[in-house]
Amino acid sequence: MKVIFLGTPDFAVASLKALIKSKHEVVAVVSQPDRAKDRKGNLLPTPVKVAAQENGIEVYQFEKIRTDGIEILKSIDADIMVTAAYGQILSREILEMKRFGVINVHASLLPKYRGSAPIQWAVINGETETGITIMQTDVGVDSGAMLSSVKTPIGENETAGELTDRLKEMGADLLIETLELLSKNKIIAVPQDEMSATKCRMLEKADGHLDFTRNKREIVCRCNGVTPFPGAYAVLDGTPVKIGKVLSVSGNYGKCGKISVVGNEMIAACADGGIKILQLQLPGKNMMLAKDFLRGHRLNDGAEFV
RNA sequence: CGCGGGGUGUAGCAAUAGGUUAGCUUUUCGGGCUCAUAACCCGAAGGUUGGAGGUUCGAGCCCUUCCCCCGCAA
């Protein structure tokens, strides 16, 4: 089939590359306008844009696809549009423009976790499994009828970043499979159960603030869910400290947030045990191992994370 | 020209108002103690203090410029 691919972040790149390698033809790529900037303020291209250009595929970046994308999309001969974390909502006009409409690769087991950061929220909420769902896009947010899905367990200490890396490959594989069946009309779309649908919002910086008055399991999930973006952190002696990998440990470590140094390990107390901090990062510094941190910094007895 | 922090032996940090042998922890090697050890004791190795200029009697520290890293903001 002739495919127009719409996607933006790294997650979508895997699907795009799989499409390019498949027998299908990617006739055009649409991505969000470049927004990311480096420290000098230079705009950085989106990952999908980079991948498309490397393969010599025409890239379009519409400020608002529902208005300025219409004419161009119409003019491109294609059978279907595929979206993967594109970032803009499509109008009915666009949804019905091509023969097979629009299908979307979504990183959750719909109808749960519709919306922006499904992988992260699944980890934060302590889910034990998640997956990929491919569905026919309709006018709602991730509400269209489901075409296919695949499940995967979430590792005890798996971060959202690691899980994303796995899911994007699973999504790419499932996409190719689904496209194959779809082109032969061998798929029956299953409507989502609206009653059990849940929606999640985008993550913001503050979502990364670890609350040590909570239980260890919650804290570890929270930390894993916001890693690597937007990043977990806590405040130590007035300075924000980014926190990398953590593990939960049992035992009583005193007041929530209090930091104990045991040998060359660093453990922060929480409601029902302790959180072992394996990596941390000070402003202006690189991420370092806790034992390295302890070599250069003497913590006083009252040291605690807030 | 968005704001800001930083580049010191393997790693993490120090170094009073510029001053003499650049310190500490860790690591490595040698030796000792021990039933044993990631513990402890003794000793040793290892730095052109990111690069290049400049000011000075004297620069890790001050000035100029370049390279690299990072936090915030987007």
Side-chain angles (χ1 to χ4, degrees), chain A residues 7-13 30-50 59 61-65 68 85-89 115-117 119-120 159-162 164 200-212 219 222-251 253 257-268 274-306:
Chain A
T8 302
D10 184 58
F11 174 82
V13 171
V30 179
S31 195
Q32 286 275 49
D34 298 336
R35 296 247 164 72
K37 292 180 197 168
D38 62 15
R39 286 189 183 75
K40 291 173 189 161
N42 299 319
L43 285 175
L44 301 172
T46 70
V48 163
K49 179 184 184 180
V50 173
V59 177
Q61 296 178 286
F62 305 115
E63 202 54 54
K64 193 174 178 189
I65 192 169
D68 26 283
Y86 168 53
Q88 286 193 39
I89 295 182
S116 285
I119 304 174
Q120 289 88 333
T159 65
E162 292 159 353
T164 299
C200 54
R201 63 176 171 82
M202 238 186 273
L203 286 172
E204 51 189 282
K205 192 74 188 170
D207 290 316
H209 193 145
L210 298 185
D211 178 0
F212 286 94
I219 296 170
R222 168 67 62 164
C223 183
N224 287 336
V226 299
T227 300
F229 181 83
Y233 68 94
V235 177
L236 171 60
D237 201 20
T239 59
V241 178
K242 228 175 189 177
I243 294 177
K245 201 89 179 166
V246 299
L247 286 178
S248 63
V249 292
S250 50
Y253 297 92
K258 178 175 166 31
I259 299 168
S260 307
V261 178
V262 184
N264 54 17
E265 295 185 334
M266 193 173 169
I267 295 171
I275 302 295
K276 189 191 291 181
I277 314 289
L278 301 179
Q279 299 178 310
L280 65 168
Q281 179 177 23
L282 272 53
K285 295 295 192 180
N286 283 315
M287 186 66 78
M288 67 178 95
L289 296 174
K291 64 172 187 176
D292 289 337
F293 170 80
L294 293 173
R295 255 175 229 134
H297 298 83
R298 268 193 317 180
L299 294 175
N300 55 33
D301 284 347
E304 62 176 339
F305 283 125
V306 181

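Computed from a predicted model, the values in this text were never measured in an experiment. Only this structure's heavy atoms are used, side chains among them; waters, hydrogens and symmetry mates stay out.
If you measure from atom CG of A:Leu289 to atom P of B:A38, you get 20 Å, rounded to the nearest angstrom. Per the geometry, CE belonging to A:Met287 stands 14 Å off C1' belonging to B:C69, to the nearest Å. Remark: P of B:C70 and CG of A:Asp38 are 12 Å apart, rounded to the nearest angstrom. A:Asn286 has its CG atom 12 Å from the C1' atom of B:G5, to the nearest Å. One atom, CG of A:Leu280, and another, P of B:G12, lie 12 Å apart when rounded to the nearest Å. When rounded to the nearest whole Å, the span between CZ of A:Arg295 and P of B:A11 equals 11 Å. The nearest whole Å value for the distance from the CZ atom in A:Arg39 to the P atom in B:C68 is 12 Å. Going from atom CD of A:Gln279 over to atom C1' of B:G71 covers 17 Å, rounded to whole Å.
Residue A:Arg35 is out of contact with every strand shown, counting any heavy-atom pair closer than 4.0 Å. Residue-level contact check: A:Lys291 touches neither bases nor backbone, having no heavy atom under 4.0 Å from any strand.
B:U10 sits 24 Å from B:G5 when the C1' atoms are compared, rounded to a whole Å. Nucleotides B:U48 and B:A52 have their P atoms positioned 12 Å apart, rounded to a whole Å. For the P atoms, the distance from B:U56 to B:G50 is 23 Å, rounded to whole Å. Taking the C1' atom of each, B:U25 and B:C69 are spaced 23 Å apart, rounded to whole Å. With P as the reference atom, B:C63 and B:U55 are 15 Å apart, rounded to whole Å. For the C1' atoms, the distance linking B:C29 with B:A45 amounts to 7 Å, nearest Å. The same atom, P, is picked in B:C3 and in B:U16; the two are 29 Å apart, to the nearest Å. Using C1' as the reference atom, B:G71 and B:A38 are 34 Å apart when rounded to the nearest Å.
With A:His297 contributing its side chain and A:Asp292 its backbone, the two residues share no donor-acceptor pair below 3.5 Å. Judged by distance alone, the side chain of A:Thr46 and the main-chain N or O of A:Pro9 form no donor-acceptor pair under 3.5 Å. Counting only distance, with no hydrogens or angles, the side chain of A:Asp207 and the backbone of A:Pro230 share no donor-acceptor pair below 3.5 Å. Under the 3.5 Å distance criterion, the side-chain polar atoms of A:Gln32 are matched with a main-chain donor or acceptor of A:Gly87.
Listed pair A:Lys242 / B:G71 meets the phosphate criterion, a side-chain N or O lying under 4.0 Å from OP1 or OP2. A close approach under 4.0 Å does occur between a side-chain nitrogen or oxygen of A:Lys285 and OP1 or OP2 of B:C13. Distances shorter than 4.0 Å separate none of the side-chain N or O atoms of A:Arg298 from OP1 or OP2 on B:U25.
B:C3: Watson-Crick or G-U partner is B:G71, with both key distances under 3.5 Å. Applying the Watson-Crick and G-U wobble criteria (two distances, each under 3.5 Å), B:A44 pairs with B:U28. Across all strands shown, B:A39 has no partner, as no Watson-Crick or G-U wobble contact with both distances under 3.5 Å is found. Base pairing analysis places B:U55 opposite nothing; no Watson-Crick or G-U wobble pair with both distances below 3.5 Å involves it.
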Tell me, with the steps shown, if A:Tyr86 and A:Thr8 meet side chain to side chain contact (heavy atoms under 4.5 Å, CB included).
CA-CA 5 Å; A:Tyr86 168 53; A:Thr8 302; 4.0 Å; yes

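In the set B:G71, B:A74, B:C13, the nucleotide with an atom closest to the side chain of A:Met288 is B:C13.
Within 6.0 Å of CD1 in A:Ile89 there are 12 or fewer heavy atoms belonging to other residues, nucleotides or ligands.
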